[in-house]
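Quick notes on the structure that follows.
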Amino acid sequence: MENPPGVGELTPPDRTLLGPGPSPVHPRVLRAMSTPLVGHLDPAFVDIMDETQDLLRYAFRTENEWTLPVSGTGSAAMEAAIGNLVEPGETMLVPTNGYFGGRMAEMARRAGGEVVHVDAPWGEPLDPADVQDAFDAHQPDVFGFVHAETSTGVRQPQVPELTRIAHSHDALVVADTVTSLGGVELRVDDWNIDAAYAGPQKCLSCPPGASPLTLNDDAMDKVLSRDTPSRSWYLDLSLLEGYWGDERAYHHTAPVTNVYALREALRLVAEEGIEERWARHRRVAGALKSGVEAMGLELEPDDDYWLPSLNAVRVPDGVTDTGVIDYLRDHYDLEIAGGLGDLDGEIFRIGCMGHGAREKNVAFLLTALADALDSLGADVDPAGGIDAARDSL
Ligand SMILES: *Cc1c(COP(=O)(O)O)cnc(C)c1O
């Protein structure tokens, strides 16, 4: 039989992925994904599950028993956390300083919760004093914050201060660590975060599909003592406990291949050492930052809350974001992204994540970006980027 007309062999372009995710996948992870499948209840797979959970605890810096990959993308882990921790009628406090705080609010509403806000402009972190005021005003049951806001390139500092405020009001804290896990300093236990979720395709350099989630005993006690079951059957953590906990009973078929991939990606994290990995992201992204600044571009966030894994660079006069993004894709097979929401058209978002956070990618990006800006007539002097990056390294 012939192939259906027009559908040829799969040959997607060979892009260098320096956008907000997915990031470049490590060859060892790709190889793990071509490993033959076993059944999701096979004793061999149960061992693989245990190892993956141990490696996740290492990356999250936690002893939490409740540490598992959720089947689905980062948003699935996000909805598992919020949908199980927010009960109907409860109040969740969420930030307004980026795109993903808005998604938290939407999920809390769908869980039957009331949403209240703590404000900060897009491009700035939350101020603990404002969080304190919001707690005094609203007495929320759950507080969500975004540790690494991929829409703005802002890293939330002072996390222990935020969790202290929440706990003094008997609230649980949910952290979005999608763009920090494995790339930026994150200490779930030391910082007293009750629940944290992440995604595999950012700093872990793994394809999307199985997404890290960890909950401490306080959070899990709340999940297991809910008055009504979570509205999602698929993401009900009290049911997932049966599969990822001691029982290992069927709930749904685990994405076996994605678990293989995540295990290998996390093995790479452990081999490198988590602190060394954080340092590499700072060093390589620091060179990228020096380079773009030397070209006359402006890096958006202040140094105090700069997020190495996602660099927000202001679009210079004389060009449009889409003009530059298209040029890089068409001439260099290089992916970066534009802004979202309040920052649409204002910034480029340049990822420096996992296997992408390498010196050769900085040199490539700076060269390609200089060409794009020069060719398209930006009002900057694009020379000198590479020298500055080299000095920084
Ligand atoms: C990417 C991202 C998500 C959502 O993850 P998906 O894998 O796209 O579902 C959530 N929060 C942040 C901060 C992200 O960067």
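Being a predicted model, the structure only gives us computed values, none of them experimental. Atoms within each ligand, like the ligands themselves, are counted from 1 in listed order.
Per-residue contacts place Thr150 under 4.0 angstrom from the following atoms of ligand 1 (heavy atoms of the residue considered): 12 (C), 13 (C), 14 (C), 15 (O). The contact set between ligand 1 and Ala148, taken as ligand atoms under 4.0 Å from a residue heavy atom, comprises 13 (C). Each of the following atoms of ligand 1 lies closer than 4.0 Å to a heavy atom of Thr179: 15 (O).
The single protein non-hydrogen atom nearest to atom 8 (O) of ligand 1 is Gln201 NE2, 4.0 Å, given as residue, atom name and distance. The nearest heavy-atom contact from the protein to atom 4 (C) of ligand 1 is Ser75 OG, 3.5 Å. Of the protein's non-hydrogen atoms, Asp176 OD2, 2.7 Å is the one closest to atom 11 (N) of ligand 1. Nearest protein heavy-atom neighbour of atom 3 (C) of ligand 1: Phe100 CE2, 3.4 Å.
Residue-environment remark: CD (Glu271) exceeds the threshold of 12 foreign heavy atoms within 6.0 Å. For Asp246, the CG atom is loosely surrounded, since the number of other residues' heavy atoms within 6.0 Å does not exceed 12. Surrounding CZ of Arg15 are more than 12 heavy atoms belonging to other residues, nucleotides or ligands, all under 6.0 Å away.
Relative to the ring axis of Tyr58, Arg61 places its NZ or CZ within 45° and under 6.0 Å from the centre.
Of the heavy atoms in Arg103, only side-chain atoms (C-beta onward) come closer than 4.0 Å to ligand 1.
Considering backbone and side-chain atoms alike, Lys202 places an N or O below 3.5 Å from some N or O of ligand 1.
When the heavy atoms of Ser211, Gly209, Gly74 are ranked by distance to atom 6 (P) of ligand 1, first place goes to Gly74.
Residues Ile347 and Leu328 do not share a hydrophobic cluster, clusters being chains of Ile/Leu/Val/Met/Phe/Trp/Tyr side chains in contact below 4.5 Å.
Classification of the Phe135-His169 ring pair by plane angle, with boundaries at 30° and 60°, yields tilted.
Under the 4.5 Å side-chain criterion, counting only non-hydrogen atoms from C-beta, Val146 is not in contact with Gln156.
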